[in-house]
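Worksheet: the structure to be examined is printed underneath.
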Amino acid sequence: NGQPADAIHHALVAADFERVAGLVERVARATIKRSNQSARLVEWLKVVPDDLIRARPVLSTYYAFALLGMGEMDAAAARLSDAERWLDTPLSERASGAGGAVDTSDRPAGAAPVRMVVADPEELRSLPGTIALARSFRAQALGDVTGTVEQARRALNLLPADDHVWRGGAALLLALAHWVNGELEAAERTHVEGIASLEKAGAIALAISAAYDGANLAKARGRLSEARRIYERSLQLALAHGDPGLPGVADLHLGLSELHCERDDLEAAKRHLHQSAEPGKAVDSRETPYRRCITEARLRQAQGDLEGALGLLDEAERLYVRGVVPDVRPIAALKARAWVAHDRLAEALDWARSQSVSPEDDLHYLHEFEHITLARVLIARCQSDGDHGSMDDVRRLLERLLVAAEEGGRTGSVIEILVLLALAHRALRDIPAGLVPLARALTLAEPEGYVRIFLDEGPPMRDLLRNLVTRGISGPYVRRLLSAFDEGAQPLTAPAGLAVAGLAETLTARELEVLRLIVAGMRNQEIADQLVISLSTVKRHIANAYGKLGVDHRTEAIARLRA
């Protein structure tokens with residue numbers, strides 16, 4: 001009557017495990033196709049005697065797929081080995097249908113059953129390609145790029161031309177292998193082919209889950225508009241099939257939230273974040289909970305709530321589960337960036353030491369984000385203590401990263417690296433040299449509407465953008481960014497007796513408070529103790545205030561304020 005889940009339930013209650021195995025085998029492919037149903041298939045089979053499962057190579061293979069989906073790599077490999085033992089089995093040792101007998105007598109423990117049972121002969125004919133696909137999936141999850149490519153290509157050679165579901169899966173695994181190597185253009189091209197195959201097969205749930213990764217590829221290439229198109233098209237596809245709660249839909253909303261956040265549309269970002277968690281409207285994948293924490297942390301940071309962002313990143317770390325997609329933005333590196341923004345430089349430096357990253361490392365795409373993070377940490381240290389000794393190493397690292405990112409077509413990384421090169425030159429007080437990479441970054445960022453990548457750098461970036469305006473080499477985009485800086489600033493008033501007139505840029509409340517204590521004769525450490533902030537934060541506020549006052553040292557600042 002078209003109710004296989006109920007049929008399996010009743011067979012389980014009756015302890016008719018041979019019938020359970022036959023029923024599950026008939027629905028295994030459809031169950032695995034539904035993206036988030038791995039746990040259900042494992043739940044059905046965990047009470048079935050092992051002999052009954054090992055006698056069925058098709059069932060063993062789909063059991064392996066389910067275990068892979070649950071992250072149980074070794075158990076999956078064992079099930080694939082069980083299935084492979086039958087591939088060259090003589091016909092005389094095969095039985096067809098759910099009722100094929102399995103003789104388990106007089107066999108040593110662990111030996112293969114003496115008769116094979118297959119519910120669907122068509123599935124058996126596809127089995128070599130299906131097993132190759134599962135092995136490719138496992139290799140990808142274990143970081144074995146060579147194995148991923150080898151098995152995915154083998155799957156494409158073995159699978160029937162009309163098996164669009166698994167051929168689409170093999171193409172997606174090839175795309176992931178290109179992704180791991182930083183070959184994003186090839187990855188994106190192959191990924192598009194994989195999704196097209198899935199859609200042709202009607203595997204909408206799998207296509208939608210894969211679309212999230214495809215959009216991330218587009219973002220890594222600096223193509224925010226293309227990423228948005230992928231997200232929105234996939235959401236429409238879910239609606240068109242009458243199921244807006246398909247697995248993967250929640251992740252699409254998270255992707256849109258991050259994209260809107262980058263474009264500084266924080267209300268839209270907040271709306272999509274909430275939609276990702278609406279009960280009944282979206283089903284979480286295994287990765288969704290930690291992804292949601294990262295997305296909300298990004299939004300909190302854009303709103304100025306750095307403590308809240310760090311708390312969410314801690315939660316993301318606790319919830320993290322490894323998937324098959326390369327983890328190119330590790331949570332530990334995201335936390336290091338938040339520490340830098342929060343003036344917690346000691347913790348950021350501890351991260352660099354714990355990860356053993358240094359400016360002299362060989363470069364690989366999987367660690368690109370960490371090396372860019374390291375550059376941020378070292379630039380912050382230079383701004384904090386005025387020690388320029390390591391800045392040559394930082395610039396050389398950034399220049400090497402820039403070459404690698406440009407060769408790999410990773411425009412998203414290119415823009416960030418150029419921004420950091422500009423900030424590195426500014427830290428060395430060489431503004432003209434910093435404007436050159438900044439101008440290139442702006443040229444790449446403007447067509448795609450990047451905003452936060454500049455705004456999140458704070459006053460140093462605002463200073464560089466104003467220098468562009470002063471030198472007459474800016475356009476409407478730079479003015480929009482400067483306007484966004486101004487809109488993000490809260491209206492502040494000076495403390496009584498310390499009104500400052502004639503400045504091109506208003507001093508913040510904290511800068512005025514620090515200046516008031518300077519006028520009172522306090523030293524930097526005394527100011528830090530008085531305000532309960534770090535010494536490096538005091539130095540940063542002083543440097544920003546001196547820049548706005550147009551002075552270079554304490555005596556000039558006091559004279560300017562008294563005037």
Q: Compare all side-chain heavy atoms of R396 with those of P359 and state whether any distance is below 4.5 angstrom.
A: no
Q. Could you go step by step and tell me if E25 and E123 meet the side chain to side chain contact (heavy atoms under 4.5 Å, CB included) rule?
A. CA-CA 10 Å; E25 182 173 333; E123 286 282 4; 5.9 Å; no
Q: Kindly say whether A205 contributes a backbone atom to a donor-acceptor pair with the side chain of S209 at under 3.5 angstrom?
A: yes
Q.
For a quick test of reading the model, state the closest non-hydrogen atom pair linking L142 to R322 and the distance between them.
A. C-NH2, 3.6 Å
Q.
If you compare all heavy atoms of G412 against all heavy atoms of Y450, which two are closest, and at what distance to 0.1 Å?
A. CA-OH, 4.0 Å
Q: Would you confirm whether T148, through its side chain, and Q140, through its main-chain N or O, come within 3.5 Å as a donor-acceptor pair?
A: yes
**Q.** SB check R318 E315 (cutoff 4.0 Å)
**A.** yes
Q: Check the pair I8 / V27 against side chain to side chain contact (heavy atoms under 4.5 Å, CB included), numbers first and verdict last.
A: CA-CA 10 Å; I8 292 167; V27 300; 4.0 Å; yes
Q.
Looking at A132, is its backbone amide N or carbonyl O close enough to the side chain of S136 to form a donor-acceptor pair, meaning the two atoms are under 3.5 Å apart?
A. no
Q: Measure the CG-CZ distance between L306 and R300 for me, rounded to the nearest 0.5 Å.
A: 11.0 Å
Q) Between the side chains of Y320 and D327, does any donor sit under 3.5 Å from an acceptor? A) yes
Q: Calculate, to the nearest 0.5 Å, the distance between atoms CD and CG belonging to E193 and L172 respectively.
A: 10.0 Å
Q. Can you name the nearest heavy-atom pair linking I230 to A218, along with the distance?
A. CD1-CB, 4.5 Å
(Q) Restricting to side chain to side chain contact (heavy atoms under 4.5 Å, CB included), what partner residues turn up for K200, sequence neighbours left out? (A) H164
Q: Classify the side-chain pair D361/H367 by whether it contains a donor and acceptor separated by less than 3.5 Å.
A: no
**Q.** Residue pair V145 / V180: nearest heavy atoms and the distance that separates them
**A.** CG2-CG1, 3.4 Å
(Q) Restricting to non-hydrogen atoms, name the atom on A83 and the atom on I131 that form the minimum distance, rounded to 0.1 Å. (A) CB-CD1, 3.9 Å
Q) If you measure from the Lys or Arg side-chain nitrogens to the Asp or Glu carboxylate oxygens, is any gap between R29 and D163 under 4.0 Å? A) yes
**Q.** Minimum heavy-atom distance A134-L80, with the two atoms named
**A.** CB-CD2, 3.7 Å
Q. With a 4.5 Å heavy-atom cut-off, do R223 and E188 have their side chains touching?
A. yes
Q: Look at R125 together with D120 and state whether they make a salt bridge at an N to O cut-off of under 4.0 Å.
A: no
(Q) Salt bridge check, E416 against R376: does any charged N sit closer than 4.0 Å to a carboxylate O? (A) yes
Q) R167 side chain to L159 main-chain N or O, any donor-acceptor pair under 3.5 Å? A) yes
Q) Should the pair D144-R135 be classified as a salt bridge under the 4.0 Å nitrogen-to-oxygen rule? A) no
Q.
Quick one: does any side-chain atom of E262 pair with a main-chain N or O of R452 as donor and acceptor, under 3.5 Å?
A. yes
Q.
Classify the ring geometry of H260 against H272: parallel below 30°, tilted from 30° to 60°, perpendicular beyond 60°.
A. parallel
Q: Inspect the contact between E226 and R229 and indicate whether a charged nitrogen and a carboxylate oxygen are less than 4.0 angstrom apart.
A: yes
Q. Does V165 offer a backbone N or O that forms a donor-acceptor pair with the side chain of S197 under 3.5 Å?
A. no
Q) What is the distance from atom OG1 of T295 to atom OH of Y290, rounded to the nearest 0.5 Å? A) 10.0 Å
Q) Just wondering, do R79 and L68 contact through their side chains at under 4.5 Å, heavy atoms? A) no
Q. Should E296 and R292 count as an ion pair when the cut-off is N to O under 4.0 Å?
A. no
Q) Would a 4.5 Å heavy-atom cut-off, applied to side chains only, mark E370 and W351 as touching? A) yes
(Q) Measuring only between side-chain heavy atoms, which start at C-beta, is D74 closer than 4.5 Å to R138? (A) yes
Q) Can you tell me how far NE2 of H371 sits from CG of L398, rounded to the nearest 0.5 angstrom? A) 11.0 Å
Q | Check: T411 side chain, R221 main-chain N or O, donor-acceptor pair, under 3.5 Å | A | yes
Q.
Looking at E448 and L224, would you say the former's side chain and the latter's main chain have a donor-acceptor pair under 3.5 Å?
A. yes
Q. Hey, what do you get for CG (N216) to OH (Y231), rounding to the nearest 0.5 Å?
A. 4.5 Å
**Q.** side chain to side chain donor-acceptor pair (under 3.5 Å) partners for D251, two or more places apart
**A.** S285, T288, R291
Q. Hey, what do you get for CG (D6) to CG (N1), rounding to the nearest 0.5 Å?
A. 10.0 Å
Q) Is there side-chain contact between L124 and W86, with at least one heavy-atom pair below 4.5 Å? A) no
Q) Would you say H364's side chain and L366's backbone share a donor-acceptor pair under 3.5 angstrom? A) yes
Q. So, K219 and E258, do they make that salt bridge, N to O below 4.0 Å?
A. yes
**Q.** E185 CD: over 12 foreign heavy atoms closer than 6.0 Å
**A.** no
Q. How far apart are the C-alpha atoms of L345 and W339, what are their side-chain angles, what is the distance that settles it, and do they pass the side chain to side chain contact (heavy atoms under 4.5 Å, CB included) test?
A. CA-CA 6 Å; L345 194 53; W339 284 326; over 6 Å; no
Q.
One pair to check against side chain to side chain contact (heavy atoms under 4.5 Å, CB included): T130 and F65. What are the steps and the verdict?
A. CA-CA 10 Å; T130 310; F65 270 110; 3.5 Å; yes
Q. Between E368 and L363, is any pair of side-chain heavy atoms under 4.5 Å apart?
A. no
Q) Just by distance, do the side chain of R410 and the backbone of A404 share a donor-acceptor pair under 3.5 Å? A) yes
Q: Determine whether T31 and Y62 make a side-chain contact, defined as any pair of heavy atoms from C-beta on separated by less than 4.5 Å.
A: no
